[in-house]
Amino acid sequence: MLKAIYGTKDVLPKDIEKWNYVEDIVKKIFTSFNYKEIRTPIFEETGLFSRSIGEETDIVSKEMYTFFDRGETSVTLRPEMTASVVRAFIEHSLANQSSLNKLFYIASMFRQERPQAGRLRQFHQFGAEVLGSASPLLDAEIIILAYTILKSLGLKDITVKINSLGITSSRKAYIEILKEYLEPHLHELSEDSRKRFEKNVLRIFDSKSENDIQIMKDAPKLIDHLDDESKQEFQIVQNILQAEQIPFIVDSSLVRGLDYYSKTTFEIVSGKVGSQSALCGGGRYDGLIELLGGTPNYGVGFAAGIERIILALQNEKTELPGNSVLDVYVVLLNKELLNEYYLFATALRKNNFKVEIDYLSRSVKAQMREANKLQTKVVVLFGGDEFAENKIVIKNMDTSSQQVIPLEEAGKEILLSLGA
RNA sequence: GUGGGUGUAGCUCAAUGGUUAGAGCGCUUCCCUGUGGAGGAAGAGGUUGCGCGUUCGAAUCGCGUCACCUACCCCA
């Protein structure tokens, strides 16, 4: 049997309302913060991602869908959105049109990982990128925005974690200090952590090995080695979050995996989605625009995983909207009146009723069963004896009461039944 | 990429190596000539994921492969 590609999923009609629910709220809240939507191609030149995300990261080194097009260009399905947005920002000189660009997106991403709970090879994110300001107010706003969206969706069991990575120079200095501390313990660390020591020392803080955790407990903390500017700005971010009554914890082990982050980083995690607990992550990336060839400028943003959010909503047993019910089902009693039947249903649809009819030439009983299954509120029986006098039967499915009415009063009577 | 678990009807699941692979739900029709929900009856629906092997005989055992679930790495 033909099947969807490994690690991809269809969203069937019975689930689509959940997606619309999430996307509607996301758009509404972004709009209220005056963020403008941006759409970019789902693939880019490979170099864009390898330069911005970092050659050594897992994403670039083993997870990208990369191929050559018919020319000799190496192209890659986007594994994340920030690089594409920044590319578009530079390419279209958005900085010259407006000194501050507040952008959002809802889009598919692609990473060739082993699928598991809350992880797919094609997945969906919504997110924001604010380009053009170094203000910590925006670091805070990004967190507030993400938190507000998740809360508005109905999530309860979520935790905001924040940290500051400092500017590049102070982080580099700290990494040397950390390495010095770890050097004598190197042989005690787990195999994974010994690899991390080479590739990204900061990640050792994330280790799940009991022994590693013990060793890291006494390690020097990044937060104690921040440059003054980052320290001050991190304090401002915390002050705003407190003023806005956003609960958060400072997690000095929160290190984001992409090379371009600096200063504020944050993550929002759920206790309800298995081991892939991060619903949302982001932070500041002040060097990225310059790195990608633009005039130096500031950036801060976040991305949130829609599949994980829907999973969390389901596991929290949050009431999600089901498929909306039908207003009217029109039953055809006399097959010879097919044209009139169809015209009648179309007229109702033009009056904004949600209408279904029988396309399968089924028996009256089968049509009634269908109407019942579709949970329609009103059934119109069309084309019976009373049709000779231009009349139809209208039946209220909740009360089972029905009446014969003139054709031209159909709209009015249906409205009455729907209101009742 | 690594480890563990699982693949049987649309869905949830049965079936000691032995007849024609079953059940519940769902679907279609009928009982009911122009009326839903409850009940009864009948029907449709399967390459037992795929391939190779062991065997007189494989859904069942072995190997391989693919997929799904889950954990690790990492991330949304």
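Order of the sequence lines fixes the chain letters, A, B, ..., with proteins taken first and strands second; residue numbering starts at 1 for each chain.
Under the 4.5 Å side-chain criterion, counting only non-hydrogen atoms from C-beta, A:Lys395 is not in contact with A:Ser417.
Note: CZ (A:Phe123) to C1' (B:C74) measures 12 Å, nearest angstrom. A:Tyr6 has its OH atom 8 Å from the P atom of B:G1, to the nearest Å.
Taking side-chain N and O atoms only, A:Lys9 has a distance below 4.0 Å to OP1 or OP2 of B:C69. Phosphate contact (OP1/OP2 of B:C74, side-chain N/O of A:Arg196, threshold under 4.0 Å): present. Under 4.0 angstrom from either OP1 or OP2 of B:A71 there lies at least one side-chain N or O belonging to A:Gln116.
A donor and an acceptor atom, one from each side chain of A:Gln122 and A:Thr8, are nowhere located under 3.5 Å apart. Checked by atom type, the side-chain pair A:Gln375/A:Tyr329 shows no donor-acceptor distance below 3.5 Å. Side-chain atoms of A:Asp251 and A:Ser253 include a donor-acceptor pair closer than 3.5 Å. Judged by distance alone, the side chains of A:Ser133 and A:Ser135 never bring a donor and an acceptor atom under 3.5 Å apart. Side-chain contact of A:Glu356 with A:Thr376: a donor-acceptor pair under 3.5 Å is absent, judged by distance alone.
Judged by distance alone, with hydrogens and angles left aside, A:Arg111 brings no side-chain donor or acceptor close enough to the base of B:C74 to form a pair under 3.5 Å. Donor-acceptor pairing under 3.5 Å, judged by distance alone, is present between the side chain of A:Glu386 and the base of B:G34. For A:Gln367 and B:U35, a side-chain-to-base donor-acceptor distance below 3.5 Å is absent, hydrogens and geometry of angles not being considered.
Note on ring orientation: taking the six-membered ring where Trp is involved, the planes of A:Phe302 and A:Phe126 are perpendicular (angle over 60°, cut-offs 30° and 60°).
Of the residues A:Asp212, A:Asn211, A:Asp206, the one that meets the side-chain hydrogen bond (donor to acceptor under 3.5 Å, both in side chains) test with A:Ser193 is A:Asp212.
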Would you list the protein and nucleotides 2-8 of chain B atom pairs, both N or O, that sit under 3.5 Å from each other?
residue, atom, partner, partner atom, Å
B:U2, O4, A:Arg114, NH1, 2.6

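B:G62: Watson-Crick or G-U partner is B:C52, with both key distances under 3.5 Å. Base-pair partner of B:G3: B:U70 (Watson-Crick or G-U wobble, both distances under 3.5 Å).
Centroid-to-centroid, the aromatic rings of A:Phe104 and A:Phe30 come within less than 6.0 Å.
Nucleotides of RNA chain B nearest to A:Glu80 and A:Lys62 differ in position, and the one nearer the 5' end is that of A:Lys62. With RNA chain B read from its 5' end, the first of the two nearest nucleotides for A:Thr8 and A:Gly384 is the one closest to A:Gly384.
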## Note on the structure
A correct 5'-to-3' footprint of nucleotides 38-44 of chain B, with B, S and - meaning base, sugar-phosphate only and no protein heavy atom under 4.0 Å, is -------
